[in-house]
Amino acid sequence: MSSQLNRRAALGLGATAAAGVVLRSTTVASADQIEPGQAPPEPTPTTPEQARKRVGKVYERETTRAAGTWNAFITLADPDGTLTPAVEDGADEEVEAYSVNKIAVATAVLDKIDRGLLRLDQRVDVTADLVATTGDGVFRLDLAYPSSVTLGHVMANLLSVSDDTAVRLCGLVCPAREVNEILVAKGFPKTQVTPVANPNRFFLGTTTPRETHDLLQALVKGTLLSATSTSFLLAILRSPVAFTDGIRRTMSSDERLRVATKAGWFLDGRNEAGIMFDATGRPILTYSLFAHGQANPDDFGATHPAVQARAVMGRRFLDAVDRLGGVAALRTSVPTYRPFNGG
């Protein structure tokens with residue numbers, strides 16, 4: 001534990017801790033250690049600064065419980081759009097992004113669509129040699145190849161159920177080199193996929209917590225992609241079928257629609273990044289969480305320590321900002337969810 005503190009101090013972060021930036025320690029405020037039902041809860045924050053402090057305390061407590069190594073960057077926006085960190089924990093260290101970088105891959109494809117080089121309704125062929133036969137997604141469940149789908153369908157699966165075959169389908173129209181060049185041009189030189197011998201395939205590569213955070217901010221500000229592509233991407237990340245084991249686990253269906261999120265997992269890594277919106281669709285909290293080295297690396301479900309930690313964080317983060325308003329100038333339409341029973 002002391003080595004983590006010394007490393008943070010060496011990075012010059014110690015001076016900012018008092019301003020709400022969190023460095024991990026073994027001492028957590030006793031009032032925040034009390035579990036629900038054992039004592040009256042703390043008052044709900046009514047100012048951004050109070051909310052930032054609450055977010056920082058929750059992050060410190062839950063990452064200490066989960067153990068392992070964490071890299072994170074979390075900001076909370078004032079109503080005028082000013083972003084102030086609540087957590088800054090190794091935010092500039094390069095980390096394995098895993099499927100969180102599927103947002104970056106989708107960004108590259110959508111950029112080409114915005115420039116008229118591709119179309120959302122353009123079709124690609126799903127051949128048997130492209131199908132990732134294990135892991136995540138639905139393409140591998142079809143058992144009927146070749147088939148043909150649109151790029152819109154590909155990216156919906158890429159970002160919601162984190163389909164691994166969808167990565168290869170994106171590579172058909174946006175090779176690894178082009179993905180990386182687009183991301184560099186947009187200001188994200190450390191958010192890169194890893195090329196392999198086949199130019200149309202790649203591993204999902206690396207990022208930093210700060211760059212992933214900044215990419216999400218650029219998305220919600222409308223500076224990353226066109227308005228149409230921005231709306232398309234956010235709608236998928238906020239959809240009910242998107243990842244619910246972590247940040248969104250302990251939320252109502254309406255609350256889940258207020259969180260645009262993407263998780264990534266491989267080996268002992270468990271990552272998640274996204275944006276929370278207020279009830280009117282205004283963005284308020286942006287989180288970028290990367291963890292590895294926790295116990296039970298073969299558990300890719302909701303019981304993994306890092307995923308459990310994120311579930312607690314998600315509920316407490318949303319509660320911390322629930323009485324606050326987000327950035328009015330960046331309001332988006334509030335999604336709705338109405339289940340169907342066939343027909």
Worksheet item: Under 4.5 Å between any side-chain heavy atoms of Val321 and Pro45, yes or no?
Response: no
Practice prompt. Please say whether the positively charged group of Arg210, taken as NZ for Lys or CZ for Arg, lies over the ring of Phe73, i.e. under 6.0 angstrom from the six-membered ring centre and within 45 degrees of the axis.
Written response: yes
Worksheet item: Does anything in residues 269-295 pair up under salt bridge (Lys or Arg N to Asp or Glu O under 4.0 Å), and if so which pairs, sequence neighbours excluded?
Response: Glu272-Arg310, Asp278-Arg282
Worksheet item: Members other than Phe203 in its cluster, when Ile, Leu, Val, Met, Phe, Trp, Tyr link by side-chain heavy atoms under 4.5 Å?
Response: Val196
Discussion item. Quick one, Asp136 and Phe300 - any side-chain contact, counting heavy atoms below 4.5 Å?
Written reply: no
Discussion item. Using every non-hydrogen atom in the two residues, find where Leu172 and Asp125 come nearest and quote the distance to one decimal.
Written reply: CD1-O, 4.2 Å
Worksheet item: Quick one: are Ser288 and Leu216 in side-chain contact, heavy atoms under 4.5 Å?
Response: no
Worksheet item: Hey, are the side chains of Thr84 and Thr82 touching, using non-hydrogen atoms and a 4.5 Å cut-off?
Response: yes
Worksheet item: When hydrophobic residues are tied together by side-chain contacts of less than 4.5 Å, even through go-betweens, does Leu330 share a cluster with Tyr287?
Response: no
Item to complete: Check for a donor-acceptor pair, side chain of Arg256 on one end and backbone N or O of Arg249 on the other, with a separation under 3.5 Å.
Response: yes
Response to the item:
The side-chain contact (heavy atoms from CB on, under 4.5 Å) partner of Pro146 among Val131, Leu130, Thr127 is Thr127
Practice prompt. With side-chain contact (heavy atoms from CB on, under 4.5 Å) as the test, would you mind laying out the steps for Met155 and Leu120 before giving the verdict?
Written response: CA-CA 9 Å; Met155 285 188 287; Leu120 204 60; 3.8 Å; yes
Fill in: Note, Leu224 side chain near Thr230 side chain (heavy atom, < 4.5 Å)
no
Discussion item. Regarding Arg238 and Thr261, do their side chains bring together a donor and an acceptor under 3.5 Å, going by distance alone?
Written reply: no
Discussion item. Using side-chain heavy atoms (C-beta onward) and a distance below 4.5 Å, is Leu237 in contact with Leu233?
Written reply: yes
Worksheet item: When rounded to the nearest 0.5 angstrom, what is the spacing between CG in Leu324 and OG1 in Thr47?
Response: 7.0 Å
Worksheet item: Is a donor on one side and an acceptor on the other found under 3.5 Å between the side chain of Lys112 and the backbone of Val173?
Response: yes
Worksheet item: Pick one: which of Glu94, Glu211, Lys186 meets side-chain hydrogen bond (donor to acceptor under 3.5 Å, both in side chains) with Thr191?
Response: Glu211
Discussion item. Does Ser239 form a side chain to side chain donor-acceptor pair (under 3.5 Å) with Ser160? I'd like the steps, not just the answer.
Written reply: CA-CA 7 Å; Ser239 66; Ser160 61; 5.5 Å; no
Practice prompt. Check whether any side-chain N or O of Arg248 sits under 3.5 Å from a backbone N or O of Arg258 as a donor-acceptor pair, and report yes or no.
Written response: no
Discussion item. To the closest 0.5 Å, what do you measure between CD (Gln294) and CZ (Arg65)?
Written reply: 15.0 Å
Worksheet item: Do Glu49 and Arg52 meet the salt-bridge criterion of a basic N to acidic O distance under 4.0 Å?
Response: yes
Worksheet item: Hey, are Lys57 and Glu60 close enough for a salt bridge, meaning a charged N less than 4.0 Å from a carboxylate O?
Response: no
Discussion item. With side-chain contact (heavy atoms from CB on, under 4.5 Å) as the criterion, how do Leu204 and Val105 come out once you've worked through the C-alpha distance, each side chain's angles and the decisive distance to 0.1 Å?
Written reply: CA-CA 8 Å; Leu204 287 165; Val105 173; 4.1 Å; yes
Worksheet item: Just by distance, do the side chain of Arg315 and the backbone of Thr250 share a donor-acceptor pair under 3.5 Å?
Response: yes
Discussion item. Tell me whether Asn71 contacts the main-chain N or O of Gly90 through its side chain, where contact means a donor paired with an acceptor under 3.5 Å.
Written reply: yes
Discussion item. Does Met276 form a side-chain contact (heavy atoms from CB on, under 4.5 Å) with Ile247? I'd like the steps, not just the answer.
Written reply: CA-CA 10 Å; Met276 289 186 175; Ile247 290 289; 3.8 Å; yes
Discussion item. So which atom in Ala106 and which in Leu158 form the shortest heavy-atom distance, rounded to 0.1 Å?
Written reply: CB-CD2, 4.0 Å
Worksheet item: Okay, side chain of Asn271, backbone of Glu96: is any donor-acceptor separation there less than 3.5 Å?
Response: yes
Worksheet item: Within the side chain of Asn180, is there an N or O that forms a donor-acceptor pair under 3.5 Å with the backbone of Val193?
Response: yes
Worksheet item: How long is the span from the CG atom in Asn157 to the CG atom in Asp164, to the nearest 0.5 Å?
Response: 11.0 Å
Discussion item. Pair Leu289, Met313 - check side-chain contact (heavy atoms from CB on, under 4.5 Å), show working.
Written reply: CA-CA 11 Å; Leu289 301 163; Met313 287 187 224; 4.2 Å; yes
Fill in: Thr332 vs Phe277 side-chain heavy atoms within contact, under 4.5 Å
yes
Worksheet item: Restricting to pairs with a member in residues 154-202, which pass ring pair (Phe, Tyr, Trp, His ring centres under 6.0 Å), not counting sequence neighbours?
Response: none
Discussion item. Looking at Asn200 and Gly171, would you say the former's side chain and the latter's main chain have a donor-acceptor pair under 3.5 Å?
Written reply: yes
Practice prompt. Test Arg140 against Thr133 for side chain to side chain donor-acceptor pair (under 3.5 Å), laying out the working first.
Written response: CA-CA 5 Å; Arg140 71 183 183 88; Thr133 57; over 6 Å; no
Fill in: Carboxylate-amine/guanidinium proximity below 4.0 Å for Asp214 and Lys190
no
Discussion item. When you compare the side chain of Arg177 with that of Pro195, does any pair of heavy atoms fall below 4.5 Å?
Written reply: no
Practice prompt. Please determine, by modelled atom types, if Asp92 and Thr208 share a side-chain donor-acceptor pair under 3.5 angstrom.
Written response: no
Worksheet item: Are the side chain of Thr107 and the backbone N or O of Ile103 linked by a donor-acceptor pair below 3.5 Å?
Response: yes
Worksheet item: Would you say the side-chain atoms of Asp89 and Tyr59 include a donor-acceptor pair closer than 3.5 Å?
Response: yes
Discussion item. Whether the side chain of Thr286 engages the backbone of Thr75 through a donor-acceptor N/O pair (distance < 3.5 Å, no angle test) should be reported.
Written reply: no
